[in-house]
2 protein chains.
Amino acid sequence: MGNRCRLRTAICHGNSRRCGYPGLRAHNPPTFPITQRSRRTYICGVKQPPHCQMTTHKQDAGAQATQMNMLMDIKRGRLSHLSITRCVFNQLLIKSGRALKKMSNTAVGVIPSHVNPDLQEERDRASFNVTELTNIIDGGAEKTLLRKRLEKLIFSDPDFQKFPDIQTFGTNSEFYSATVLKSTKLFKLRRELKWTDEEFDIALRLGGQGHALGLQHGMFIPGLERLATEEQKAKWLTLAKQYKIIGTYAQTEMGHGTYLKGLETTATYDPKTQEFILNTPKISSIKWWPGSLGKSTNHAIVLATLVIKGKKYGMHPFFVQIRSMTDHTPMTGIKVGEIGARMGRMTSDNGYLILNNIRIPRENMLMKNAQVSPDGSFTAKAPNQANYATMVMVRVGLSYYSYQLLSRGVTIGVRYSAVRRQSKLDPKEREPKILEYQTQQYKLFPGLALAYAIFFSSRSLRMKYMEAYQEIKNGNLQKLPELHCESAGMKAFCTDNMLRELEIIRQSCGGHGYLNASGIAMLVTIAAPMVTVEGETTVMYLQVARYLVKRFANASTGQQLDGCTAYLSMDHAAYMCPLMSEDDCRNMSRLCDIYSYRVYMTVSRVAKQLQTDIMNGMPQHFAFNKNLVNLVRAAKAHCYYSVVKDFSKAIQSMQASPQTIKALKTLCCFFAIHGITEESGDFLETESIGLEQLQWIKRLQGTLLAEIRSDAVALVDAFDHHDISLSSAIGSYDGNAYERLFDSAQKDPMNKEEVHPSYFQYLRPFIQEMNKAKL
Amino acid sequence: MGNRCRLRTAICHGNSRRCGYPGLRAHNPPTFPITQRSRRTYICGVKQPPHCQMTTHKQDAGAQATQMNMLMDIKRGRLSHLSITRCVFNQLLIKSGRALKKMSNTAVGVIPSHVNPDLQEERDRASFNVTELTNIIDGGAEKTLLRKRLEKLIFSDPDFQKFPDIQTFGTNSEFYSATVLKSTKLFKLRRELKWTDEEFDIALRLGGQGHALGLQHGMFIPGLERLATEEQKAKWLTLAKQYKIIGTYAQTEMGHGTYLKGLETTATYDPKTQEFILNTPKISSIKWWPGSLGKSTNHAIVLATLVIKGKKYGMHPFFVQIRSMTDHTPMTGIKVGEIGARMGRMTSDNGYLILNNIRIPRENMLMKNAQVSPDGSFTAKAPNQANYATMVMVRVGLSYYSYQLLSRGVTIGVRYSAVRRQSKLDPKEREPKILEYQTQQYKLFPGLALAYAIFFSSRSLRMKYMEAYQEIKNGNLQKLPELHCESAGMKAFCTDNMLRELEIIRQSCGGHGYLNASGIAMLVTIAAPMVTVEGETTVMYLQVARYLVKRFANASTGQQLDGCTAYLSMDHAAYMCPLMSEDDCRNMSRLCDIYSYRVYMTVSRVAKQLQTDIMNGMPQHFAFNKNLVNLVRAAKAHCYYSVVKDFSKAIQSMQASPQTIKALKTLCCFFAIHGITEESGDFLETESIGLEQLQWIKRLQGTLLAEIRSDAVALVDAFDHHDISLSSAIGSYDGNAYERLFDSAQKDPMNKEEVHPSYFQYLRPFIQEMNKAKL
């Protein structure tokens with residue numbers, strides 16, 4: 001038997017509580033069995049106050065009184081999760097008078113409802129009014145009120161309160177269920193409270209990631225609006241808007257995403273029965289990735305190549321019922337399911353769909369833009385350019401979504417850096433906040449500046465889109481190519497840079513940044529797909545590059561360009577770096593000139609190289625491929641310039657106090673300066689700046705880091721993310737990072753049992769075997 | 001009631017199989033109920049061949065015969081997972097003669113045991129012998145054989161075969177159980193087969209991520225060896241080596257990681273009872289992160305500040321039993337558990353530990369390096385520098401581990417890019433492999449080159465370490481500071497760049513890279529903590545920078561430096577860029593000169609700035625903080641130079657065929673060239689190269705991309721990762737990416753039920769309510 005003591009100074013092969021061996025025992029006999037008691041208390045948390053009761057014998061009178069007060073507070077509902085964690089933690093430490101003395105900074109029985117003083121100190125030093133900036137971000141004080149009202153409404157619902165914990169700890173299946181519940185609740189609220197689109201959008205954002213039925217408003221309804229005839233809309237759009245049918249938009253296939261012409265699903269018209277036969281010819285043709293398709297939807301708009309009498313007529317949309325309205329089982333001939341676990345939490349149940357010669361009536365082709373008559377003759381309107389407008393809209397939306405994710409991440413990173421203390425700078429002082437370190441600022445502030453830059457730039461793009469969309473609807477398509485270029489570029493630029501900065505911020509949180517409870521780890525994995533969905537980054541940049549090369553060719557023929565490529569008409573021969581002194585480096589107009597010259601030179605070089613290659617006899621596609629890397633480089637340069645310009649313009653036209661303007665100006669200048677130092681090779685190579693200017697710029701960068709540092713917490717507070725939306729133990733408003741981390745760990749399913757089942761299954765038998773092996 | 005038909009062309013509010021509504025039905029009535037049958041078949045996969053039986057009526061004779069053959073094959077165990085997937089998929093398509101014809105490239109009943117022709121084509125064009133390179137990587141042909149032998153042994157065990165699926169689909173708890181089983185199996189094999197350390201290391205690597213008991217050999221046994229007296233070793237080390245006790249090393253606390261002096265756990269000596277009292281004074285002092293601590297271990301080496309009679313004596317190690325040997329419950333006064341879900345799969349059960357005035361005998365202090373006598377007097381040997389050697393060893397190990405992870409990632413990325421086809425280059429040709437695109441090469445090949453660079457550089461560092469360790473053990477500490485610098489730098493450089501390249505590779509796989517089944521998504525999340533564990537990147541770089549600044553000061557006094565900083569003694573005034581023509585850019589020796597001059601200039605500038613700042617009256621710590629960003633920059637430049645040099649040297653001294661040497665030389669040159677273009681600003685700013693040279697280098701980069709492209713698959717094949725180690729649907733050796741993706745989805749727990757429980761709980765009631773709302 002292994003459970004007898006062997007050696008006093010060796011190992012107690014038994015439970016000390018039973019065998020009495022003092023090899024390891026508490027200073028004083030514990031007043032309650034920690035193992036059993038504390039475990040339950042931790043797990044049950046706030047919902048079960050009685051677990052926070054403690055035995056009172058052997059405790060001093062002060063501690064008893066404190067505990068009684070806490071019990072009363074629990075009954076009055078005044079104790080937070082956090083307080084209970086502390087209360088339980090304190091139980092562990094209440095054992096001796098000495099322990100009590102040591103605990104001065106986590107004082108026993110004091111409810112830590114206060115903000116961490118390290119964080120409060122930062123707020124007290126802010127140079128501007130945070131609420132003013134919040135109002136600007138929301139779009140006015142009344143919009144802030146509207147958001148707050150919606151926050152109050154939504155987060156008073158226990159299901160929404162619980163959501164972050166399910167997101168952090170639940171299985172994929174549990175999380176999916178929670179997102180179904182969330183979607184249905186939001187849909188009901190929308191209908192009951194007659195929310196405007198704006199209100200619904202705000203509500204969606206507040207709830208954070210995960211909407212099982214997100215594609216209903218995201219793609220299904222807009223798809224019907226865009227593609228269905230009036231008659232079809234009367235039938236289906238109404239049902240969709242009333243949530244009587246739940247749908248999605250099934251386009252991407254396993255073997256084909258970006259290149260739509262490659263899609264393989266077929267819709268073959270059978271004039272005899274006046275039906276379309278929808279078919280998935282091979283594995284690569286399986287519809288793969290559509291959101292909400294895996295488990296949620298009962299209908300889908302399916303994109304397929306139309307075939308009539310053996311001839312192909314391009315891609316068209318078909319309205320297909322995929323699951324029974326009675327029991328949700330797939331319709332005959334349909335195989336549908338989830339595509340499998342993903343890197344991050346599923347935002348919805350992405351699915352696959354196999355159509356096995358499914359027949360649908362002729363009337364189920366969405367025929368707004370093209371028609372098939374009963375006898376199988378095909379007619380199509382001129383390609384509907386308004387369709388592009390929808391794609392543009394989605395991309396504009398993703399740019400703004402990048403702001404949402406990044407501003408959450410940077411909130412977490414900056415707040416945590418203000419409460420985490422580590423190492424020594426001044427040997428005579430205590431460990432400084434890590435926010436003091438220049439390297440930490442260098443990790444966080446580019447992300448902070450980028451968040452604001454994306455916000456203002458995507459707001460500007462949204463306004464351009466709204467304007468152009470009206471014109472497009474009226475048949476004026478003049479602005480479409482530029483809008484297409486700008487939205488593709490912004491989508492690529494924002495998602496790409498946002499993801500990179502989020503990962504840097506995650507790393508800036510040290511080890512804790514790897515815990516889901518930190519919130520930042522989950523943001524990274526949620527942001528990860530954004531660079532590939534709705535237009536992969538490189539493909540997007542190449543679309544921008546194509547437009548730039550075309551516009552450059554126009555400019556070369558003397559055409560005076562306007563819009564976002566006006567700079568291509570510049571008199572580049574007259575360019576001289578406008579920075580004459582270090583002071584000039586704060587001049588946004590001069591910085592913009594430097595940026596525009598950089599793009600000009602980058603575009604002109606690659607365009608000329610392309611031309612040379614082709615004139616030298618290289619096939620066009622070969623020449624294009626040979627210059628792809630430089631084309632992407634040109635597109636990136638263009639996008640960075642656009643965003644710097646938009647950010648700067650937004651501040652110029654802003655109605656706000658001088659203090660707020662000043663804080664934003666500093667950030668905007670840092671954004672521009674940082675872009676130059678990060679790609680200094682490009683700026684030097686194109687001779688947009690010289691070596692001396694680069695030295696000035698680098699020096700200024702150091703100065704700006706220090707300037708931003710004093711407003712950093714205020715600048716993230718201004719985003720005003722609710723703690724439930726943030727879902728971060730280390731980035732919450734009160735800054736009580738360690739207590740919340742500890743609290744979070746107690747809720748993890750791995751801590752459900754004190755001893756994990758695998759101990760009995762594998763570990764104990766193994767150790768027993770090893771013990772026998774010696775004998 | 002909603003389950004009656006309403007409109008023919010609208011929605012069937014019922015199950016078509018029951019209501020007979022033809023709004024959506026299969027072309028021919030299906031020969032088996034797809035929903036039920038196929039679902040089960042998919043889920044059960046290869047283990048349950050009978051599910052692959054199919055009804056035979058209404059099928060043509062050929063299909064019947066094929067299916068019979070398949071059944072026979074299943075019985076003979078010849079059908080792979082994949083085949084069954086195909087077989088099931090084919091059932092869906094066997095319905096009509098037309099479908100059969102269309103399926104020519106996934107021919108019915110043919111077992112796809114062949115390699116995807118797109119991948120085979122790549123292998124056929126390789127310019128060198130892959131096995132030769134594999135042998136070089138393994139360390140000789142006999143080592144390759146050893147690895148293969150171990151692969152065969154381990155992967156013939158069904159538990160190891162199942163492991164990747166549990167990793168992809170299991171809950172954290174299920175995965176943890178699997179890692180316990182895996183650890184115990186490997187420990188048993190080690191003991192039974194008397195594996196050498198080398199064999200055990202290979203076995204550990206093969207098994208991939210996740211070892212619940214990984215810290216036993218990782219930290220616990222080495223810790224005892226390093227810290228325990230001979231007497232203590234006789235007692236505990238033996239038990240640990242025989243796996244009679246399972247342990248870990250508990251150092252990091254919630255509030256303190258890198259800065260060890262900040263650790264707060266105390267060990268107070270009580271001379272009366274001759275015991276130490278171990279205590280966790282506050283929340284930030286909770287031990288947090290130690291691996292294997294959460295659920296697995298029963299013992300730990302706990303690091304705590306020694307306190308005797310109120311005086312502190314620094315950090316010392318204590319041997320503490322934390323769980324009962326009988327039932328694994330925590331010992332009295334101890335609270336221990338898991339720290340909560342993480343971004344990626346847990347490599348082990350990282351845990352927390354609260355010590356509530358635990359008493360342990362005086363003899364449980366590990367006293368090799370410092371002793372406390374019974375009366376409480378403290379004596380210590382001179383600080384044991386050999387301790388540093390252990391830290392160095394761990395960092396060297398992490399550099400090599402970076403190679404492991406990155407080489408897996410790039411294998412996945414390159415193979416997938418050889419079988420994925422998309423868009424058009426030449427309009428007359430079919431969609432090209434995405435590997436053809438220059439932009440795709442630009443995403444993959446830097447990672448490929450880095451994997452080889454890290455491999456050779458970490459191998460060289462390991463050899464230096466082995467050499468130095470012998471000297472250190474003999475009391476010669478001369479090499480320690482340099483070894484410390486090099487290992488810190490390599491740890492930072494390798495983990496940081498490896499993670500960045502992995503993420504770029506993930507993105508290069510498009511949407512599928514976000515699926516866990518891709519393998520690459522999991523690699524990213526498994527690699528994510530590497531940049532913070534065992535020395536956070538920035539902290540590591542700053543240690544390198546400090547060493548560089550010190551050595552620069554030495555060189556400034558005329559000292560001739562040797563070792564890794566010899567270049568600081570160069571006659572920098574005599575430097576001229578050694579590139580006289582484009583051809584020179586392939587000359588590794590000249591490229592190395594450019595790199596070393598870049599470091600020299602970067603170090604000298606920041607060192608001089610520091611000096612100036614201090615001479616201008618800035619406090620030293622302030623000046624240091626002001627220059628942190630530039631110090632990190634200098635350290636990075638040094639590390640890149642070291643790795644380029646090591647890579648180049650390794651090829652110079654390599655015994656291999658000219659073809660293999662040539663392929664590696666191309667890669668090495670690309671690695672150096674790419675480093676210059678990525679940080680061209682630095683090279684231009686320090687005038688290591690001029691604008692003309694940069695143009696040559698960029699042009700050469702394009703050429704090298706095209707050269708590497710033809711050997712890319714061979715270069716990743718040479719890593720020779722077993723499919724089970726890779727655990728990737730899209731990167732497997734046979735290149736049947738889509739079939740494996742589809743197969744993988746069927747195993748996802750979300751597909752266990754055709755209709756998810758949340759439908760009954762939330763979705764159906766919601767839709768019903770919405771339907772009533774209209775009435």
Side-chain angles (χ1 to χ4, degrees), chain A residues 3 9-10 13 15 24 26-27 92 102 106 177 180-181 184 235 243 259 281 283-284 295 321 324-326 328 331-333 337-341 343 356-357 363 423 425-426 438-439 442 511 514 516 521 529 532 538 621 628-629 680-681 684 738 745 748 750-751 755-756 758-759 762 766 770, chain B residues 3 9-10 13 15 24 26-27 92 102 177 180-181 184 235 243 259 281-284 295 321 324-326 328 331-333 337-341 343 356-357 363 423 425-426 438-439 442 511 514 516 521 529 532 538 621 628-629 680-681 684 738 745 748 750-751 755-756 758-759 762 766 770:
Chain A
N3 61 346
T9 51
H13 277 274
N15 186 320
L24 185 141
H27 187 206
L92 280 165
K102 281 193 181 167
T106 51
S177 290
V180 175
L181 176 62
T184 55
K235 280 189 300 202
Y243 308 121
Y259 185 64
I283 285 189
S284 59
K295 292 286 154 184
Q321 181 177 356
S324 151
M325 296 305 291
T326 319
H328 211 58
M331 302 303 278
T332 306
E338 244 279 341
I339 58 169
M343 188 181 176
N356 178 33
N357 290 314
E363 294 84 350
S423 297
L425 271 171
D426 186 345
Q438 193 190 43
T439 36
Y442 197 68
Y514 190 59
N516 283 355
T532 46
T538 304
H621 69 271
L628 279 188
V629 170
S680 56
L684 291 173
Y738 297 143
D748 195 278
M750 281 288 287
N751 288 324
V755 178
H756 193 267
S758 62
Y759 169 74
Y762 305 126
F766 168 71
M770 291 300 111
Chain B
N3 61 345
T9 51
H13 279 272
N15 184 320
L24 183 142
H27 187 206
L92 279 164
K102 280 193 183 165
S177 290
V180 175
L181 176 62
T184 55
K235 282 188 299 201
Y243 308 122
Y259 185 64
K282 48 186 183 169
I283 284 188
S284 59
K295 292 287 154 184
Q321 182 179 354
S324 152
M325 296 304 292
T326 320
H328 212 57
M331 303 302 279
T332 305
E338 245 278 341
I339 58 169
M343 188 181 178
N356 177 33
N357 290 313
E363 294 84 351
S423 299
L425 271 171
D426 186 345
Q438 192 189 45
T439 36
Y442 197 67
Y514 190 58
N516 283 355
T532 46
T538 304
H621 69 270
L628 278 187
V629 170
S680 57
L684 291 173
Y738 298 143
D748 195 278
M750 281 288 287
N751 288 325
V755 178
H756 193 266
S758 62
Y759 169 75
Y762 304 126
F766 168 72
M770 291 300 111

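Order of the sequence lines fixes the chain letters, A, B, ..., with proteins taken first and strands second; residue numbering starts at 1 for each chain. As the structure is a prediction and not an experimental result, all values here were calculated from the model.
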Check: Side chain, backbone, both or neither: which part of Tyr243(A) has an atom under 4.5 Å from a heavy atom of chain B?
Finding: both
Check: With only heavy atoms counted, which part of Ser680(A) is less than 4.5 Å from chain B, the side chain, the backbone, both or neither?
Finding: both
Notebook entry, point to check: Which atom names give the shortest non-hydrogen contact between Tyr762(A) and Thr184(B), and what distance separates them?
Noted result: O-CG2, 4.3 Å
Item checked: Minimum-distance pair of heavy atoms, taken over all atoms of Ala521(B) and Met343(A) -> CB-CB, 3.9 Å
Check: Where is the tightest heavy-atom contact between His621(B) and Leu425(A), given as atom of each residue plus distance?
Finding: CB-O, 3.0 Å
Check: Taking all non-hydrogen atoms of both residues, which atom of Gln438(A) and which atom of Leu628(B) are closest, and how far apart?
Finding: OE1-N, 3.0 Å
Checklist line | Taking every non-hydrogen atom, the tightest pair across Met750(A) and Glu338(B) | finding: CB-CG, 3.7 Å
Checklist line | Between Val629(B), Ile339(B), Val180(B), Thr538(B), the one whose heavy-atom pairs under 4.5 Å with chain A are most numerous | finding: Val629(B)
Notebook entry, point to check: So which of Ser423(B), Gly340(B), Gly337(B) has the biggest tally of heavy-atom pairs under 4.5 Å with chain A?
Noted result: Ser423(B)
Check: Can you name the closest pair of heavy atoms from His756(B) and Ser177(A) and give their distance?
Finding: CE1-OG, 3.2 Å
Note to self: Between Tyr738(B), Tyr259(B), Tyr514(B), who has the most heavy-atom pairs with chain A when the cutoff is under 4.5 Å?
What the structure shows: Tyr514(B)
Item checked: Residue, of Asp426(A), Leu684(A), Thr532(A), that accumulates the most heavy atom pairs under 4.5 Å with chain B -> Asp426(A)
